[in-house]
Amino acid sequence: MPVTTLPSFDDVRAAAERLKGRVVRTPMLRHPVLDAAVGGTVLVKPEPLQRTGSFKFRGATNAVLKLPAERRAGGVVTHSSGNHGQAIACASAAEGVRALVAMPQDAPAIKVESTRRWGAEVVFFDRLGTDRDALAQKLAEERGATIIPPFDHPDVIAGQGTVAVELIEDAEAAGLRLDALAICTGGGGLTGGCALAVEGMSPGTEVFAVEPEGWDDTARSLAAGQRVRADGKGSTFCDSLLSATPGEITFAINAPRLSGGVAVTPEEVLKAMRFAFDHLKIVVEPGGAVALAAVLAGYIPAKGRTVGVVLSGGNVDPAVFTRAMA
């Protein structure tokens, strides 16, 4: 993919201006128990408090707002295991644009219900046997719609980067500077957008991709120096982070900018979910808790440092959350 198609920090900054008043500026949270647990200063960005319950609303809104008028009439199409689908549905409804979301048959019911609640049409597919991109292309051609993919899209990436813009600004207002930033990573859109924001605003900050064990395609790709597939043999517990391969655009952004990638186990994720609820009073879904899990487990050095942690989403089925609280 030509380098000229990659978004830049300027695109992230422009997205931050475009999204003012349209997305929630989620707060920066701190807790002494968390600081004591890791021996450092931890700054938490709680995106479960975002509209639709995850950071995805940022990128979806930015992409829908940038749709030319002549393309809005055909509506938009996407594929999503839940959070991006909800975000596209909500962002499209706000702009009077029709939305069609293809979702895996095993997507959490809470995410399916929320996507429909915003007025989107939902079609289902088999998670393991379907080429999602091909399905989205087919649906878009049938309806004359525009595809807004979950992560590998410049406008989506730029919108997601506003998470880090806000966190860096709030840290500076508190007299702090981030030594590192841990980000929940699936296809790499949030990570890429945040890496661009860090490059433009806090270039000395290390950025780490955190993934579920067995689905650590970004970490493996960073180590190989090229896009490779994860083995996909890990648990599907973190349902929002099950991308098998990094995006072309996201990996082109992340490869030269990330300090590394780490993987966490379901048990570590469950502990992080419980920790977030007990101390931060935030409900976090499994995929949204992996960055906190990595910091609590010591995979990302925090002792004597200031570390940012993105809690990326909170759309969790009650049964799963009950398991974390047990």
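Everything numeric in this text was worked out from a predicted model, so none of it was measured.
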ask   = Any sub-3.5 Å donor-acceptor pair from R274's side-chain atoms to M325's backbone N or O?
value = yes
query = Tracing side-chain links under 4.5 Å among I, L, V, M, F, W and Y, which residues wind up in one group with W118?
reply = none
query = How would you list, by chain and number, every residue that makes a ring pair (Phe, Tyr, Trp, His ring centres under 6.0 Å) with F321, sequence neighbours excluded?
reply = F277
request  = Drop me the distance from F125's CZ to D131's CG, to the nearest 0.5 angstrom.
outcome  = 10.0 Å
ask   = In Å and rounded to the nearest 0.5 Å, what is the CG to CG distance from L167 to L181?
value = 6.5 Å
task = Please name the pair of heavy atoms, one in A276 and one in L292, separated by the smallest distance, quoted to 0.1 Å.
result = CB-CD2, 4.1 Å
task = Decide whether V44 and L176 are clustered together by the hydrophobic rule: side chain heavy atoms of Ile, Leu, Val, Met, Phe, Trp, Tyr closer than 4.5 Å, transitively.
result = no
note = Hits for ring pair (Phe, Tyr, Trp, His ring centres under 6.0 Å) against H279, two or more places apart or cross-chain, chain-then-number order -> H31, F275
task = Hey, could you give me each pair passing side-chain hydrogen bond (donor to acceptor under 3.5 Å, both in side chains) that has a residue in residues 253-264? Not counting sequence neighbours.
result = E199-R257
ask   = Can you tell if the side chain of V24 reaches within under 4.5 Å of the side chain of F57, non-hydrogen atoms only?
value = no
request  = Check for a donor-acceptor pair, side chain of R305 on one end and backbone N or O of P301 on the other, with a separation under 3.5 Å.
outcome  = yes
key: Residue from L43, V295, V309, V42 passing side-chain contact (heavy atoms from CB on, under 4.5 Å) with L34   = V42
ask   = Without hydrogens or angle criteria, can the side chains of E47 and T26 be said to hold a donor-acceptor pair below 3.5 Å?
value = yes
request  = Ignoring hydrogens and angles, state whether a donor on the side chain of T185 or T218 is under 3.5 Å from an acceptor on the partner side chain.
outcome  = no
task = Locate the shortest heavy-atom distance separating P212 from C238; write the atom from each residue and the value.
result = CG-CB, 3.6 Å
note = Using a 4.5 Å side-chain heavy-atom cut-off and chaining through intermediate ILVMFWY residues, the residues clustered with I110 come out as none
request  = Could you walk me through whether D170 and R25 pass side chain to side chain contact (heavy atoms under 4.5 Å, CB included), step by step?
outcome  = CA-CA 10 Å; D170 289 349; R25 185 183 178 105; 2.9 Å; yes
query = When clusters are formed from ILVMFWY side-chain contacts under 4.5 Å, directly or step by step, what else is grouped with I148?
reply = V64, L67, V76, I88, V97, V156
inquiry  = Keeping T236 on the side-chain end and D239 on the backbone end, is there a donor-acceptor pair under 3.5 Å?
reply    = no
query = Could you state the interatomic distance from CG (L100) to CZ (R143), rounded to the nearest 0.5 Å?
reply = 4.5 Å
task = Step by step, work out the side chain to side chain contact (heavy atoms under 4.5 Å, CB included) result for K45 and L29.
result = CA-CA 7 Å; K45 187 67 168 168; L29 303 181; over 6 Å; no
ask   = Do S221 and R227 have a side chain donor and acceptor closer than 3.5 Å?
value = no
ask   = Taking atom NZ of K281 as the centre, does the number of heavy atoms from other residues, nucleotides or ligands within less than 6.0 Å exceed 12?
value = yes
inquiry  = Is it the case that atom CZ in R71 sees more than 12 heavy atoms from other parts of the structure closer than 6.0 Å?
reply    = no
Any donor-acceptor pair under 3.5 Å from S80 side chain to G82 backbone = yes
task = Taking all heavy atoms of A89 and all of A120, pick out the closest pair and write down the distance.
result = CB-CB, 3.6 Å
note = Sorted by chain and residue number, the side-chain hydrogen bond (donor to acceptor under 3.5 Å, both in side chains) partners of R117 (sequence neighbours excluded) come out as none
key: Counterpart residues, ring pair (Phe, Tyr, Trp, His ring centres under 6.0 Å), relative to F124 (two or more places apart)   = none
task = Ignoring hydrogens and angles, tell me if any N or O in the side chain of Q160 forms a donor-acceptor pair with the backbone of I157 under 3.5 Å.
result = no
note = Sorted by chain and residue number, the side-chain hydrogen bond (donor to acceptor under 3.5 Å, both in side chains) partners of S114 (sequence neighbours excluded) come out as Q86
key: side-chain hydrogen bond (donor to acceptor under 3.5 Å, both in side chains): pairs with one or both residues in residues 313-326, sequence neighbours excluded   = N83-N315
ask   = Within the side chain of D155, is there an N or O that forms a donor-acceptor pair under 3.5 Å with the backbone of N62?
value = no
ask   = Which atoms form the tightest heavy-atom contact between L241 and W215, and what is the distance?
value = O-CB, 4.0 Å
message = Measuring only between side-chain heavy atoms, which start at C-beta, is L280 closer than 4.5 Å to L311?
response = yes
query = From D217 CG over to F251 CZ, what is the distance, rounded to the nearest 0.5 angstrom?
reply = 10.0 Å
task = May I have the step-by-step check of side chain to side chain contact (heavy atoms under 4.5 Å, CB included) for K111 and E285, ending in yes or no?
result = CA-CA 11 Å; K111 297 182 179 181; E285 65 186 275; 2.8 Å; yes
key: Closest non-hydrogen atom pair, C184 against A289   = SG-N, 4.4 Å
ask   = Does E70 have any side-chain hydrogen bond (donor to acceptor under 3.5 Å, both in side chains) partners at least two apart in sequence or in another chain, and if so, which?
value = none
ask   = Is the backbone N or O of V264 less than 3.5 Å from a side-chain atom of E211, with the two atoms forming a donor-acceptor pair by type?
value = no
query = Under 4.5 Å between any side-chain heavy atoms of T61 and R18, yes or no?
reply = no
key: Where G308 and L178 come nearest, the two heavy atoms and their spacing   = N-CD2, 3.5 Å
Pair D11 + R13: basic N to acidic O under 4.0 Å = no
inquiry  = Tell me if a side-chain donor or acceptor on E121 pairs with a main-chain N or O of V101 at a distance below 3.5 Å.
reply    = no
request  = Taking the side chain as every heavy atom from C-beta outward, state whether H84 and T78 have any pair of such atoms under 4.5 Å apart.
outcome  = yes
request  = Examine V269 and F208 and state if one hydrophobic cluster contains both, with Ile, Leu, Val, Met, Phe, Trp and Tyr joined whenever side-chain heavy atoms are less than 4.5 Å apart.
outcome  = yes
Close side-chain approach of P27 and P46, heavy atoms under 4.5 Å = yes
message = As an exercise, state the distance from NZ of K233 to CD of E213, rounded to the nearest 0.5 Å.
response = 13.0 Å
ask   = Which residues satisfy the salt bridge (Lys or Arg N to Asp or Glu O under 4.0 Å) test with D106, sequence neighbours excluded?
value = R127
Donor-acceptor pair, side chain of K56 and main chain of P150, under 3.5 angstrom = yes
request  = Take T191 and V210 through the side chain to side chain contact (heavy atoms under 4.5 Å, CB included) test and state the conclusion after the steps.
outcome  = CA-CA 9 Å; T191 306; V210 186; over 6 Å; no
query = With a 4.0 Å cut-off, would you call R30 and D35 a salt bridge?
reply = yes
ask   = Are the side chain of T205 and the backbone N or O of D179 linked by a donor-acceptor pair below 3.5 Å?
value = no
